Amino acid sequence: TERTLSIIKPDATGRNLTGKINAKFEDAGLRIVAQKRLQLTKAQAGEFYKVHAERPFFDELTTFMASGPVVAQVLEGEGAIAKNREVMGATNPADAESGTIRAEFAESVGENSVHGSDAPDTAKEEIAFFFSELEIVG
Ligand code: GTP
Ligand code: MG
């Protein structure tokens, strides 16, 4: 079984949607095996999203990610990385399939409610950014 890093972003925590989003994960067969709520500094958000450092939206992205609480979580299950991205829907909510988290809850391409790792190597790195092995209980 596979693990992926998920983040419920500040737009979603601000609208009190943590439980509804977690229900989507659990309904899809993903297990929440670690979870914590925290507020990132802008520098920490920049470190987390460093692959996007040269993108024009980097400043907007890191300002937003530091603007309120996030819920970082490890999701576990068969094909968890792909399954989570399926449940999240397309980056831009206007393109997201109905029933997905972003179709239902996201406000814009920037404020799109959730993050999910995109590959096994990034999942490993992103999980280690937030959690020690002791904090992950499958
Ligand atoms: P993540 O799971 O958050 O990584 O989303 P993704 O993999 O679907 O998208 P990608 O990695 O390409 O972009 C990372 C994040 O940058 C997105 O989730 C958005 O929050 C943000 N982002 C992407 N494109 C834009 C944009 O055009 N404008 C703004 N403001 N943010 C963007
Ligand atoms: Mg991405």
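If you're wondering where the values come from, they're calculated on a predicted model, not measured in any experiment. Order of listing sets the numbers, starting from 1, for every ligand and every atom in it.
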Study note, to complete from the structure: heavy-atom search around atom 30 (N) of ligand 1 in the protein gives Glu60 OE2, 3.0 Å
Exercise for review: Search all heavy atoms of Pro69 against all heavy atoms of Arg37 and return the closest pair with its distance.
Suggested key: CG-NH2, 3.3 Å
Exercise for review: Specify whether Phe57 and His52 have parallel, tilted or perpendicular ring planes, treating 30° as the upper limit for parallel and 60° as the lower limit for perpendicular.
Suggested key: tilted
Check your understanding: Should Glu111 be listed as contacting ligand 1, given a heavy-atom distance under 4.0 Å as the test?
Key -> no
Study note, to complete from the structure: One finds that the ligand 1 atoms under 4.0 Å from a non-hydrogen atom of Leu61 are 16 (O), 20 (O), 21 (C)
Revision key, fill the gap. Between Met88 and Thr100, the two heavy atoms sitting closest are O-CB, 3.7 Å
Check your understanding: Using 30° and 60° as the class limits, which term best fits the ring planes of Phe130 and Phe48: parallel, tilted or perpendicular?
Key -> tilted
Check your understanding: In the protein, what heavy atom is nearest to atom 19 (C) of ligand 1, and what distance, to one decimal place, separates them?
Key -> Val109 O, 3.2 Å
Practice item. To the nearest 0.5 angstrom, please state how far the CD atom of Gln73 sits from the CD1 atom of Ile8. Key: 4.0 Å
Check your understanding: Which part of His115 is near ligand 1, with near meaning a heavy atom under 4.0 Å away: side chain, backbone, both or neither?
Key -> both
**Study point:** Numbered atoms of ligand 1 (with element) below 4.0 Å of Arg102, judged on heavy atoms
**Key:** 1 (P), 2 (O), 3 (O), 5 (O), 8 (O), 18 (O)
Point to revise | Identity of the nearest option to atom 28 (N) of ligand 1, non-hydrogen atoms only, from Phe48, Phe64, Phe58, Phe57 | key: Phe57
Check your understanding: With no hydrogens and no angle check, is any side-chain donor or acceptor of Lys83 less than 3.5 Å from a backbone partner on Ala28?
Key -> yes
Practice item. Report the nearest protein non-hydrogen atom to atom 7 (O) of ligand 1: residue, atom name, distance rounded to 0.1 Å. Key: Arg85 NH2, 3.1 Å
Practice item. Mind checking the CZ-CD spacing from Phe131 to Gln35? Nearest 0.5 Å is all I need. Key: 7.5 Å
Exercise for review: Give the single entry among Gly110, Ser117, Gly116, Ser6 that approaches atom 31 (N) of ligand 1 most closely by any heavy atom.
Suggested key: Gly110
Study note, to complete from the structure: protein heavy-atom neighbour closest to atom 10 (P) of ligand 1 works out as His52 NE2, 3.8 Å
Check your understanding: At a 4.0 Å threshold, what atoms of ligand 1 neighbour a non-hydrogen atom of Thr91?
Key -> 6 (P), 8 (O), 9 (O), 17 (C), 18 (O)
Check your understanding: Which of the atoms of ligand 1 are close to Asn112, meaning less than 4.0 Å from one of its heavy atoms?
Key -> 17 (C), 18 (O), 19 (C), 20 (O)
**Study point:** Worked verdict on Glu104 versus Lys20 for salt bridge (Lys or Arg N to Asp or Glu O under 4.0 Å)
**Key:** CA-CA 10 Å; Glu104 249 174 70; Lys20 283 186 173 148; over 6 Å; no
